Amino acid sequence: MSLASNITKSEWAKTVSPEILGLTTLAGNPVVVRAVDPDAFLRLENATHLSGAMAGSEFALAGEHLALRFGLVTGDTVTVAGAYVPRIAFLRITGTFRTESAANDELLVDFGMGRFLTGLGPLNYHSIRVRTPNPAALLRFLDGFQASVHVSGPGLVRADIHSDPPSDERLANAILRTGLGGAPRDYLATAVGEATTSVRVVAYGIAVLLGILVAFGVHAVQARAFADRIPAVGVLRAVGASNGWMRRRLLVETLPFSLLAGAIGALVGFFAGKFLLPQVNVVVFGHQVPIVFDVVTLAFIVLLLVAVSIGSALVLLRGTLRLRPTESIRETIAVEPPRSLEAILRG
Amino acid sequence: MRTDGAIVAALLCLALGARLVPLTFSPLPFSIDGFALARISSNIAAGGTWRIDPADANSYNQKLPGFSILWSAASQVGGLSPLVHVQLILPFLTCTTVLVAYLLGVKATGRRLGGFVAGLFLALFGSFLLLTSATAKESIGLLVFPVAVLLFREREDARKRALAVVLLLFLPFLHSLTTFLTLGMIAALVVLTHRLALARGRFSWRALVLDVVTGPALALGAWVYYVAVDLPFLSDVLAPAAFVLFLAVVVLLTALIAPTARPARSPIGRRLVAPAAKAILPPVLGFVLLLGNASTNLFVGTATTQTAFFQVLPAIGLFAAFAVAGFQLTRRTTNRTNDLVVSMLVAPVALIVFGFLHGLDPGGLLLVYRAFDFLDYALAVLIAVAFVAAWKGLARSRPARALLTTALVVSLIATTPMAWNTPAVFGVQNVTTSEEFHALAVLGSLGARNVTTDQRLADLGAMWFGLHANSDLPLKLRDNATVSGADYALVLERWTMVGAQIHPAPNVFLSPSTIARFLDANRVAYVSGPLGDRIFVVQVLS
């Protein structure tokens, strides 16, 4: 006898909904397929019947949002692939429903189809949801049944019965098929997913990205220009210029040019954006970027460009100051002639 | 020559002794795959032919028949048992890996001490010891691939080029990963050679074409064969997205290694070896990932870094420090092994990077940990270079030299649990005891058709006994689910202590009461082993 059927027989269990979770795609978009006992599930979810039949031995019920997403109506046929095993199935939508939970965007199927798509064995479920007025009795039962389960819910302190706490979130995952360990997160996908849904993260992220690109560009241009002046630095140092004097001199030369270049660049960027705006919308991760004139932002951009230019100039100068003046003047770095490893090791 | 002979003989004895240790655990193959290879060898000996049966549980190993055909011939000529004697004979072959290491060490350092250290490293380094102790295709691959690479490197001699081609043509039938990495190393050698020739104005299209045809282009033959036999996993790498990623990694690393054809320029006054060098980043990243994997499994569905592994880490850290120092010395000097070391490093690194980027799943983990040991020859050379440099630097202090030698030997011994205590270090049991084997034999004599047990014994039952075995018994027992679809079950009492193996996932621990309840509910047909480590053959009644 399975754990689910034993819980169902218990007096304290008002509603028991054993469920199997599968992940699949419809038209290239992710979809959660949930195998359920429709009566128990819909009761537990306080679902509203919208169209078609809500039961039967073989069924496929589409949540309202899912139906909206894919333009599904009762009677349509959809093709779904196996969640964790190579399977393919054709489902006829037998009805639609509405819930206030995430299930509104899910496809409900019968257990036979759920097991077929997930490869889960008979009497196994990924989760069992129970509505009970007596959670303590549930915990006692699970403990006595020797079930290895994690229990959580409203009014309940999270409990790991006959099992270690999961190492992280258990979600519909390949792991759920075997129930092994915790379902590890795909950190990159999670981070990108979370980051790109936040306007602030996208805005600042793009700003930082563009800033880095601009910094590289500024540094590359200055490095090219500075390369011609390395011998001059060597000459100045040879005639007694100190490192501090060199830095001050460089700052004095860099500051006005960077200020001017920054202001011109920012203004050109703004007007170019305005000119292109009717025809070209800048859309980043689904967010449209408006182009507005803001003095503070413009000043910040100019200041940033000045800072980047000064930083780049100091970095370039530091590299040159490490060279001997003769190396700077001749434009050849004094390197050790390569020695033989054998000679070094023999001594 | 007499001194060389004595050193090599000592290394061979040491390496052989270390590789015979698994025989003290069990006379049976020290790897589950070894049973498949022994079964195929046995069938070849019995039938006189090699054939691929797609329905056979051993079909994957049948498609890579190099090991099995050689072992079948050797066992027939020597009158040996393909199963019982393989674990005794194989170490005699794999211990010769120290010869190659000695040769590389001497070539790199110009000193016998370098050869000895390189040989000692490969004789005792735990990870390499594990692979060259186990009965596996890779064991022979690790012996053959450096020979092929060395021969190709000295390809000015047409005989050596021809021998390299013969070995490269044989490798696809031995082991796909070895083939892949060897061809990668050879491709890197071609890049380095012709980059240098280009810089010196001696580039020749003819020489390039000849090198490509007798080197990397042989991958086409391997690819045709693997496609013809439908080798599993090949499609994973050749799928468009994966292949593009792989090409990107290859292009990136090719661009990175091209300048290494010449020694790195070292400004006057800079020391040859410095701790704050870029070379330190890969080992640091490796350690960070290992530590990270201890708290959360980076690769989906696989085990985390085991606690016992951390006891080995200090020793690995020491070798990493030696290797980084050796790398800097090799890169900043002129020597005879720079291109060899770079090429032997870059191919496994490419696969490891690909394994990480391809997907953090069991497949990715497989690529990462399988490719790692192909770095060992290059690491042996680098460690030897650093050791000899340190040895020379400590010339005035004998106690310091003694300390250095002791540190090397103790660190090597400290890594041997990676080979001899795999359940603790990796969470994977490689040993099959005679009692377990006999229990499976009993199942065969009972006429069992469908057997359920853990992954290790299920694989063994399928590979050697041809049983229809599934490995979900521990999970069903843990989840209190009904065991169905099996006539018999094989239950180990040790599942309560060390867990049931379901590699690559973490072991499943069961309570004694769970096992007792299962035994009570069904009929125990056979019991063996001492109390606490008993093996039960159970007839499933439900």
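Note: hydrogens, waters and symmetry copies are ignored here, and every other heavy atom, side chains too, is used. No experiment lies behind these values; they were computed from the predicted model shown. A, B, ... follow the sequence lines: proteins, then strands. Residue 1 opens every chain.
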**Item:** Interatomic spacing from CZ in A:Arg339 to CZ in B:Arg332 - rounded to 0.5 Å
**Value:** 11.5 Å
**Message:** Measuring from atom OG1 of B:Thr333 to atom CG of A:Leu345, what distance do you get when rounded to the nearest 0.5 angstrom?
**Reply:** 8.0 Å
**Message:** Taking side chain as everything from C-beta outward and backbone as N, CA, C, O, which of these in B:Arg517 sits under 4.5 Å from a heavy atom of chain A? Side chain, backbone, both or neither.
**Reply:** side chain
**Asked** What part of B:Ala264 lies closer than 4.5 angstrom to a heavy atom of chain A: side chain, backbone, both or neither?
**Response** neither
**Message:** Quick check on A:His162: does its NE2 atom have over 12 non-hydrogen neighbours (other residues, nucleotides or ligands) under 6.0 Å away?
**Reply:** yes
**Asked** Given that the side chain runs from C-beta out, which part of B:Ser513 has a heavy atom under 4.5 Å from chain A: side chain, backbone, both or neither?
**Response** side chain
**Request:** Determine whether more than 12 heavy atoms belonging to other residues, nucleotides or ligands lie under 6.0 Å from atom CZ of B:Arg401.
**Result:** yes
**Fill in**
Here the gap from B:Leu510 atom CG to A:Ser148 atom OG, rounded to the nearest 0.5 Å, amounts to 9.5 Å
**Prompt:** When you measure from the side chain of B:Asp479 to the backbone N and O of A:Asn124, does any donor-acceptor pair fall under 3.5 Å?
**Reply:** no
**Prompt:** Quick one: of B:Asp472, B:Asn335, B:Asn338, who has the most non-hydrogen atom pairs under 4.5 Å with chain A?
**Reply:** B:Asn335
**Asked** Of B:Arg111, B:Lys107, B:Arg336, which meets salt bridge (Lys or Arg N to Asp or Glu O under 4.0 Å) against A:Glu342?
**Response** B:Arg336
**Item:** Option among B:Val385, B:Thr334, B:Thr109 that satisfies the side chain to side chain contact (heavy atoms under 4.5 Å, CB included) test with A:Leu341
**Value:** B:Val385
